[in-house]
Amino acid sequence: MDRPVPDPSRCNRAIKILEQFERLARKYRIKLTRERLERLKKLRDSGKIKSTDLPAKLLSEFPAEFVGMTLGTIRKRCGKR
Amino acid sequence: MPFFPELSRRPLEELMKCFIDPGREKEIPKEEGELWLDEVAVQIARASTKGIKFLLDHIPVVDERRLRAILIALPSAGNKLSARARAEICRQSRSLLGHSRPLIVAEAADVLRHLGCREAEEEVSRLLHHPSPYVVGSALRFLARHFPDRAGPLLEGALDSEEPIIRQNAIDELDELEYFPALPRIKRLVNDADADVRQAALTAVRNLEELGREQKASG
């Protein structure tokens with residue numbers, strides 16, 4: 001059976017949080033150490049970052065249906081490059 | 001990997017002790033203290049209704065850092081929340097909208113947004129005039145989620161705010177609302193003086209234009 005197509009707006013939100021965590025951390029006033037940021041950037045750039053890698057505040061903003069999926073998987077499922 | 005993987009293996013009683021005992025914070029580097037408290041509170045909230053009750057009982061007695069952690073954690077209880085617990089969280093969060101610390105007010109408005117406490121519309125709307133841009137941002141997020149028809153023009157007006165944090169919040173919410181009338185004004189912010197506003201604007205323009213193309217193609 002075909003998987004239901006995810007909601008485009010929720011796709012965009014999930015991808016935005018995983019790609020732009022540095023900006024969003026500033027937006028919500030979350031302090032991330034340089035080491036944490038570097039680790040997250042490496043995960044993001046490889047497409048392997050997941051919502052569960054992020055701090056609690058950002059995770060609370062993340063669409064539930066994509067929790068635990070990598071950025072690469074979400075892009076694929078949402079039909080994004 | 002979770003931020004503090006060792007926390008997910010700890011029993012609830014241990015997590016509760018971690019949360020209230022200032023000595024336990026010595027386990028982690030000082031600069032990570034706030035993130036650690038947030039994660040401890042989330043684990044407590046997810047554990048059981050007993051954990052949620054513990055967090056609610058501590059709202060009146062904890063310091064600002066722990067209070068923020070509680071507010072970040074409460075929505076993560078999700079389906080574990082009974083109607084009664086949800087009503088109590090909404091009540092307590094509404095009472096915190098007058099708190100002296102802006103980050104607590106902003107977080108309380110975010111709790112109201114996550115739990116759908118629409119009855120707080122009037123109080124949250126008043127926060128649009130709060131001196132802290134973080135509080136105004138959280139009020140915009142609440143209104144965008146629960147009163148989208150009213151929020152569109154409000155968010156469009158917020159694009160002209162002198163505060164980058166408010167402009168950034170307005171762009172992100174207009175993007176999520178798929179509010180096409182704001183596209184020309186968002187496009188102008190692609191050259192904003194603030195790098196975070198530029199990134200938010202570029203993303204919103206890309207998303208809105210893509211959606212516009214898809215809608216056109218599907219007739």
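The basis for the numbers below is simple: all heavy atoms, side chains too, and nothing from hydrogens, waters or symmetry mates. Letters A, B, ... mirror the listed sequences (proteins, then strands); counts begin at 1.
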Inset, instruction - Please indicate whether Lys17(B) has more than 12 foreign heavy atoms, meaning atoms of other residues, nucleotides or ligands, lying under 6.0 Å from its NZ. - result: no
Legend entry - Results of side chain to side chain donor-acceptor pair (under 3.5 Å) for Asp110(B) - residues two or more places apart only: Lys57(A), Arg113(B), Arg141(B)
Legend entry - Arg26(A) and Asp194(B) ion-paired at < 4.0 Å: no
Legend entry - Side chain, backbone, both or neither of Arg198(B) within contact of chain A (heavy atoms, under 4.5 Å): neither
Inset, instruction - Check whether Ser9(A) gets within reach of chain B through its side chain, its backbone, both or neither, counting any heavy atom under 4.5 Å. - result: both
Inset, instruction - Under 4.5 Å heavy-atom distance to chain A, tell me which part of Ala106(B) shows up: side chain, backbone, both or neither. - result: neither
Inset, instruction - Using a cut-off of under 4.5 Å on heavy-atom pairs, state which of Ile15(A), Thr52(A), Asn12(A) scores highest against chain B. - result: Asn12(A)
Legend entry - Any Glu22(A) side-chain heavy atom under 4.5 Å of Asp196(B) side chain: no
Legend entry - Lys50(A), NZ: over 12 other non-hydrogen atoms inside 6.0 angstrom: no
Legend entry - Minimum side-chain heavy-atom gap Asn207(B)-Arg13(A) below 4.5 Å: no
Inset, instruction - Please list, in residue-number order, every residue in residues 155-170 of chain B that has a heavy atom less than 4.5 Å from any heavy atom of chain A; write 'none' if there are none. - result: Ile165(B), Gln168(B), Asn169(B)
Legend entry - Check: Glu31(B) and Lys31(A) side chains under 4.5 Å, non-hydrogen atoms: no
Inset, instruction - Verify the neighbour count for atom CZ of Arg65(B): are there more than 12 heavy atoms of other residues, nucleotides or ligands below 6.0 Å? - result: yes
Legend entry - Residues in residues 32-45 of chain B that sit under 4.5 Å from chain A, counting heavy atoms only: Glu32(B), Glu34(B), Leu35(B), Asp38(B), Glu39(B), Val42(B)
Inset, instruction - Go through Asp172(B), Leu103(B), Thr203(B) and name the one with the most non-hydrogen pairs under 4.5 angstrom from chain A. - result: Asp172(B)
Inset, instruction - Considering only heavy atoms, give the residues of residues 60-67 of chain A separated from chain B by less than 4.5 Å, sorted numerically, with 'none' for an empty result. - result: Ser60(A), Glu61(A)
Inset, instruction - With Arg68(B) as the cation and Tyr28(A) as the aromatic partner, state whether NZ or CZ is under 6.0 Å from the six-membered ring centre and within 45° of the axis. - result: no
Legend entry - Toward chain B, the part of Lys80(A) with a non-hydrogen atom under 4.5 Å: side chain
Inset, instruction - Please look at Glu178(B) and chain A and tell me whether the side chain, the backbone, both or neither of the residue comes under 4.5 angstrom of a heavy atom of that chain. - result: side chain
Inset, instruction - Considering only heavy atoms and a distance below 4.5 Å, find which of Lys16(A), Glu19(A), Lys27(A), Arg39(A) pairs most often with chain B. - result: Lys27(A)
Legend entry - Point-to-point distance, once rounded to the nearest 0.5 Å, from CG of Leu59(A) to CD1 of Ile72(B): 11.0 Å
